[in-house]
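Below is one structure, written out as structure tokens; the observations come after it.
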Amino acid sequence: MAIDNGLTVDCGDLNAVGGIRQILLTDLSNVLLPDPTTPNATHTLTSFTTTNAWARFEFKNETAALTITGAKEGGSTSYECAVSFYVPNYEATRVAEISKLETACPVALVEFNSGKMIMVGYSYKYENQDATTPWVRNQTFANLTSVEGGSGAAYADDNGLTVTLTARQFELPLEYTGAITVVSGGLTATTS
């Protein structure tokens, strides 16, 4: 790829809103049909269909974050993408849902407060070479890397858990430009 264009930054970019609005998770095995199914010049996914609805994880405002760290070693660039969020009020039902992430191979759809949506744990680079479903068995999915929390000491302290999922990808996360529909009850969502 030739470096033949630059990029611009305007007033709207400088006044962008930070933070995360919502986090959707699904298992890689639920991926049915991403579009496009191959890399594209715009670095986007225009639609993303799954066999089951996405699990929608809510969190305390201004606690969720996406961090991306890129490094080049021996001719290969990798990106470590970490999604973290704080779930207040430690209780059994919330712990049970978080525990499901221990053995899953999640893909995360992270919606920023700006409205932009980023896929974490889904990558075209180094995908399985199966012609019909190249994303199956792709090893860039996210892993549950840490759960931290507790009760706090004072009455005014929060009690809850900070969950961190990390994906090691070989390209920057793709932007998702399709639609998200939150299903009644707010626990799940669909993409199209």
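Below, all heavy atoms of this structure are taken into account, side chains as well, without hydrogens, waters or symmetry copies. For reference, positions follow the sequence shown, starting with 1.
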Heavy-atom side-chain contact between [X] and [Y] under 4.5 Å:
X    : Y    : answer
N52  : T26  : no
I180 : L109 : yes
S78  : Q169 : no
V147 : T162 : no
R168 : T140 : no
E148 : L161 : no
R56  : L187 : no
T46  : D35  : yes

**Report entry** Aromatic contact, F48 with Y122 (centres under 6.0 Å)
**Finding:** yes
Donor-acceptor pair between [X] and [Y] side chains, under 3.5 angstrom:
X    : Y    : result
T191 : W54  : yes
E175 : T44  : no
N30  : T51  : yes
N143 : T145 : no

Would you name the heavy atoms of [X] and [Y] that are closest together and state the gap between them?
X    : Y    : value
V183 : T190 : CG2-CG2, 4.1 Å
Y79  : G70  : CD2-CA, 3.6 Å
C81  : P173 : SG-CG, 3.6 Å
L25  : A108 : CD2-CB, 3.5 Å

Decide, yes or no, whether a salt bridge links [X] with [Y] under the criterion of side-chain N to carboxylate O below 4.0 Å.
X    : Y   : result
E111 : R21 : yes
E97  : R94 : no
K60  : E62 : no

Report task. Mind telling me whether F85 and F59 have parallel, tilted or perpendicular rings, with 30° and 60° as the class edges? Result -> tilted
Query raised in the report: Any donor and acceptor pair, going by atom type alone, linking the side chain of N113 with main-chain N or O of G18 inside 3.5 Å?
Result: yes
Query raised in the report: Side chain of H43, backbone of E171: donor and acceptor closer than 3.5 Å?
Result: no
Query raised in the report: With V83, which of L66, T164, I118 fulfils side-chain contact (heavy atoms from CB on, under 4.5 Å)?
Result: L66
